[in-house]
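The block underneath contains the structure these notes are about, expressed in structure tokens.
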Protein chains: 2
Amino acid sequence: MALDRVFEALASRPRREILAYLSAQELTAGEIAGRFAMSAPAVSRHLSILETAGLVSSERRGQYVYYRLNSDNLVNTLTGFAFEICPHGRPLKRESRQLRSTKRNA
Amino acid sequence: MALDRVFEALASRPRREILAYLSAQELTAGEIAGRFAMSAPAVSRHLSILETAGLVSSERRGQYVYYRLNSDNLVNTLTGFAFEICPHGRPLKRESRQLRSTKRNA
DNA sequence: TAAGCAATTAACGAATTAGTTAATTATTTA
DNA sequence: TAAATAATTAACTAATTCGTTAATTGCTTA
């Protein structure tokens, strides 16, 4: 099930940090690894888990492998799940209104 | 960190199923356990993890312990995280618009 | 082609998770 | 008070996760 892999992927602080890094720009595996204390192979495993979950995509360009965030999938999965669990949630609607009001900040 | 506990709690299919059960109505620990193949102590541990994460609340009434969903916390945490990672996400805004259009279904 | 850098895969060990059954605590009621 | 039911905690085991270092693969360039 896709949800299983997404939530498993998100259940790790370093993996969530990787997503945050990638939200600003695409980065190579090495650039990502450079931001963590752990070894490059460990980061590579985290990237693989994120990619299997569909949260990031990778593309090799020459010697480097670039990673970028699949923000559509992340957002759709999380809001879809929240809505499934709480279809009548007032908080979600409040949040939605806030989001609507922040029209063009990107 | 609160996020850690929330995402760890959500990284388990039985725990997500418990949340779905509780989205419809509050239930006793025994009623919840009755819907799973696993033992009551195992379900009790899952409930404890969900409660520590702030996703459910419990209240003892006589012999029984009733559990209910903290939908505010679930929804706010997930949408807050999604927005933090993807502040410019079009998908979230689309979802928000959909939610706004489903005015009073609860 | 050989050397060098980037990245992943392989092999392994420590720590955590998820389940089990047995024991304990809390409450009700005969 | 004693027995019965609901729920949790304790103690334990099997399986998984997360990190390490070593080896391998892919690409570039001297």
Side-chain angles (χ1 to χ4, degrees), chain A residues 1-22 24-70 77, chain B residues 1-22 24-70 77:
Chain A
M1 198 188 188
L3 256 202
D4 288 332
R5 274 192 282 272
V6 170
F7 277 111
E8 182 191 317
L10 293 176
S12 150
R13 201 198 295 215
R15 286 196 287 270
R16 293 195 302 275
E17 287 173 5
I18 289 173
L19 295 179
Y21 287 139
L22 292 177
Q25 65 205 291
E26 69 175 13
L27 294 167
T28 69
E31 286 170 333
I32 296 167
R35 302 185 181 198
F36 289 91
M38 73 185 84
S39 66
V43 171
S44 183
R45 287 190 71 81
H46 285 306
L47 287 168
S48 160
I49 288 168
L50 288 169
E51 186 163 30
T52 298
L55 297 176
V56 306
S57 299
S58 68
E59 181 191 358
R60 176 177 278 272
R61 279 183 229 147
Q63 215 170 356
Y64 300 90
V65 176
Y66 285 83
Y67 283 88
R68 64 172 177 283
L69 181 67
N70 289 350
T77 299
Chain B
M1 197 190 189
L3 256 201
D4 287 333
R5 273 192 282 273
V6 169
F7 277 111
E8 181 192 317
L10 293 176
S12 150
R13 201 198 295 217
R15 286 197 288 269
R16 291 195 303 274
E17 287 173 5
I18 290 173
L19 295 178
Y21 287 139
L22 293 177
Q25 65 207 290
E26 68 175 13
L27 293 167
T28 68
E31 287 169 333
I32 296 167
R35 302 184 182 199
F36 289 90
M38 73 184 85
S39 67
V43 172
S44 183
R45 286 191 74 79
H46 284 305
L47 287 168
S48 160
I49 288 167
L50 287 168
E51 187 164 29
T52 298
L55 297 176
V56 306
S57 300
S58 67
E59 181 191 358
R60 176 177 279 272
R61 281 182 229 145
Q63 215 171 357
Y64 300 90
V65 176
Y66 286 83
Y67 283 87
R68 64 173 178 283
L69 182 67
N70 289 351
T77 300

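Below, chains carry the letters A, B, ... as their sequence lines are ordered, and counting in each starts from 1.
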Regarding A:Arg15, tell me which of base, sugar-phosphate or nothing describes its non-hydrogen contacts under 4.0 Å with the strands shown. sugar-phosphate
Pick base, sugar-phosphate or nothing for A:Glu8, based on heavy-atom distances below 4.0 Å to the nucleic acid. sugar-phosphate
Check B:Pro14 against B:Phe36 and note the closest heavy-atom contact, atom names and distance. O-CZ, 3.6 Å
Would you say C:dA6 has OP1 or OP2 under 4.0 Å from some side-chain N or O of A:Thr28? no
Check every strand shown and say whether B:Ser48 touches a base, only sugar-phosphate, or nothing at a heavy-atom separation below 4.0 Å. nothing
What closest approach, in Å, do A:Ala53 and A:Ala9 show between heavy atoms, and which atom pair accounts for it? CB-CB, 3.8 Å
Pair A:Glu17 + A:Arg15, salt bridge at N-O below 4.0 Å: no
Please give, in whole Å, the distance from C:dA18 P to B:Leu50 CG? 11 Å
When the distance from OH of B:Tyr64 to P of D:dT5 is rounded to whole Å, what number comes out? 10 Å
CZ of A:Arg61 versus P of C:dA7: gap in Å, rounded? 12 Å
A:Tyr21 six-ring face occupied by A:Arg35 cation (under 6.0 Å, within 45°): yes
State plainly whether the residues A:Glu51 and A:Arg5 are in salt-bridge range, i.e. N to O under 4.0 Å. no
Taking for each residue the nucleotide of DNA chain D bearing the nearest heavy atom, is the 5' side occupied by A:Pro14 or by B:Ala42? B:Ala42
Just to be sure I understand the rule, does A:Tyr67 reach a base, reach only the sugar-phosphate, or reach nothing, if contact means heavy atoms closer than 4.0 Å? sugar-phosphate
Give a yes/no answer on whether the side chain of B:Ser39 brings an N or O atom under 4.0 Å of OP1 or OP2 in C:dT20. yes
Closest non-hydrogen atom pair, B:Ile32 against B:Leu22: CD1-CD2, 4.0 Å
In whole Å, what is the span from the CE atom of A:Met38 to the P atom of D:dT17? 16 Å
Strictly below 4.0 Å: does B:His46 bring a side-chain N or O up to OP1 or OP2 of C:dG19? yes
Roughly, in whole Å, what's the span from CZ in B:Arg60 to C1' in C:dT28? 11 Å
Rounded distance (Å) that lies between atom P of C:dT8 and atom CD of A:Glu51: 9 Å
Would you mind reading off the distance between A:Arg13 atom CZ and D:dG19 atom C1', rounded to a whole angstrom? 16 Å
Quick check on D:dA7: is either OP1 or OP2 less than 4.0 Å from any side-chain nitrogen or oxygen of B:Ser44? no
Just call it for A:Ala29: base, sugar-phosphate, or nothing, with non-hydrogen atoms closer than 4.0 Å on any strand. sugar-phosphate
Choosing from C:dT21, C:dA7, C:dG19, which nucleotide comes nearest the side chain of B:Pro41? C:dT21
Selected nucleotide, minimal atom distance to A:Ser12 side chain, candidates C:dT8, C:dT21, D:dC18: D:dC18
Going by modelled atom types, is there a donor-acceptor pair between the base of D:dT28 and the side chain of A:Gln63 at under 3.5 Å? no
Send over the distance from B:Leu47 CG to D:dA7 P, rounded to a whole Å. 10 Å
